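Just so you know, these numbers come straight off a predicted model, no measurement behind them.
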Amino acid sequence: MAAYTRRAFAGFCTAAVAFVGFGGAVKAADGAAETSLVRPPGAQDELRLLASCVKCDRCRSVCHTGVIGVAEVGDGVLRARTPKLNFHRGSCDFCGDCLRVCPTGAIGPFDPDVDKMGVAVVQKDRCVAYYQGCVECQKACPYEAISLDGSGHPVVDDARCNGCGVCEDVCPALVYRSFAGGSRRGIVVVSPSAYERLGKTVVEDESEMSAR
């Protein structure tokens, strides 16, 4: 009887642990539709990406600009090894190669003239234009989404911007203001869901970008 009781108790504990784990997974999945990670073009449906991506790494391997990297455990266990964009390594020209090699449909069709991969947000505390003048992002933007205000500060037209990342890639903030620490540049591209939360505000805390 005692042995049976011990077995029953052990079984109960195992079931309880499994239930807690399942609840955590459900909770994680419930919030999976929103992420601060900028995904490759055609992978903006976060739930579809997490459900379909087999983490084969083909999209990263085929990317000729080198902008596609992979999420780490710190980005979330469910998202680890899924593709994310790193605009410190390059920018996206919407060539479609990642869509072509994706074997599961986790990356779908994308029209850069209609769809939005992300939105650039000026970081006033890092932007060189606020300290000594700079027009690099405005000159480089292929979609003419960045203009300069009366003080020479960059302003992003979120209707034109589609998150290609050219502005963040060319931003010299880490060169001229390296003493500021961290890795955030004077302009950063955030995911559409993150932009809805942040709007046109400054990402003042480095931890705000840690999930990218």
Side-chain angles (χ1 to χ4, degrees), residues 27-53 59-60 63 65 67-92 94 98 106-108 110-127 137 141-143 145-146 153-171 173-174 180-212:
K27 182 178 180 181
D30 184 54
E34 294 188 1
T35 180
S36 295
L37 300 180
V38 181
R39 300 299 196 175
Q44 278 59 60
D45 186 335
E46 190 70 11
L47 292 178
R48 184 184 70 182
L49 175 68
L50 295 179
S52 304
C53 180
C59 57
R60 185 194 63 80
C63 181
T65 67
V67 70
I68 298 182
V70 293
E72 301 173 350
V73 174
D75 296 314
V77 175
L78 292 179
R79 295 184 170 92
R81 299 300 302 171
T82 58
K84 71 173 183 178
L85 303 190
N86 182 349
F87 297 118
H88 291 203
R89 299 171 53 186
S91 58
C92 180
F94 307 106
C98 53
I107 298 177
F110 185 90
D111 182 349
D113 293 325
V114 177
D115 303 317
K116 194 173 291 292
M117 186 171 67
V119 183
V121 180
V122 176
Q123 309 294 280
K124 295 179 182 179
D125 64 326
R126 295 291 180 96
C127 179
C137 62
C141 179
Y143 294 93
I146 302 176
H153 302 154
V155 178
V156 177
D157 182 345
D158 56 9
R160 287 177 173 267
C161 177
N162 63 8
C164 70
V166 169
C167 56
E168 184 173 347
D169 185 35
V170 303
C171 179
L174 291 181
S183 60
R184 182 163 48 89
R185 294 186 174 177
I187 188 168
V188 298
V189 176
V190 300
S191 70
S193 60
Y195 185 72
E196 290 180 5
R197 297 195 308 270
L198 298 171
K200 299 179 180 180
T201 61
V202 177
V203 183
E204 296 182 347
D205 187 345
E206 195 73 26
S207 64
E208 289 281 354
M209 301 304 296
S210 63
R212 293 184 57 233

What's the shortest heavy-atom distance between [X] and [Y], and which atoms?
{"X": "Glu168", "Y": "Val188", "answer": "OE1-CA, 3.4 Å"}
{"X": "Ala120", "Y": "Val156", "answer": "O-CG1, 3.5 Å"}
{"X": "Cys137", "Y": "Ile146", "answer": "O-CD1, 3.7 Å"}
{"X": "Tyr195", "Y": "Asp158", "answer": "OH-OD2, 2.9 Å"}
{"X": "Ala106", "Y": "Cys53", "answer": "CB-N, 3.7 Å"}
{"X": "Ile107", "Y": "Cys59", "answer": "CD1-CB, 4.0 Å"}

So CZ of Phe110 and SG of Cys98: to nearest 0.5 Å the spacing works out to 9.5 Å

In Å, rounded to the nearest 0.5 Å, how long is the span from CG of Leu37 to OG of Ser193?
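With rounding to 0.5 Å, CG (Leu37) is 9.0 Å from OG (Ser193).
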
So, does [X] use its side chain to make a donor-acceptor pair with the main chain of [Y] at under 3.5 Å?
{"X": "Lys116", "Y": "Cys161", "result": "yes"}
{"X": "Gln44", "Y": "Gly42", "result": "yes"}
{"X": "Thr82", "Y": "Arg79", "result": "yes"}
{"X": "Arg126", "Y": "Ile187", "result": "no"}

Would you say the side chain of [Y] lies within less than 4.5 Å of the side chain of [X], judging by non-hydrogen atoms?
{"X": "His88", "Y": "Asp169", "value": "no"}
{"X": "Met117", "Y": "Leu85", "value": "yes"}
{"X": "Val166", "Y": "Pro142", "value": "yes"}
{"X": "Arg39", "Y": "Leu49", "value": "yes"}
{"X": "Ser191", "Y": "Glu46", "value": "no"}
{"X": "Cys164", "Y": "Pro112", "value": "no"}
{"X": "Arg197", "Y": "Val190", "value": "no"}
{"X": "Phe87", "Y": "Val38", "value": "yes"}

Under 3.5 Å side-chain donor-acceptor pair for Gln123 and Arg185 | no

### Task
Taking atom types as modelled, find out whether Thr65 and Arg89 have a side-chain donor-acceptor pair closer than 3.5 angstrom.
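There is no such pair between these side chains.
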
Worksheet entry | Crowding at CZ, Arg81 (>12 non-hydrogen neighbours, <6.0 Å) |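 No, because the 6.0 Å sphere around CZ of Arg81 holds 12 heavy atoms or fewer from other groups.
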
Next on the checklist: Once you measure the plane-to-plane angle for Phe94 and Tyr143, does it fall in the parallel (<30°), tilted (30-60°) or perpendicular (>60°) bin?
Outcome noted: perpendicular

Of all residues at least two apart in sequence or in a different chain, which pass the side-chain contact (heavy atoms from CB on, under 4.5 Å) check with Val114?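 Here the qualifying residues are Asp111.
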
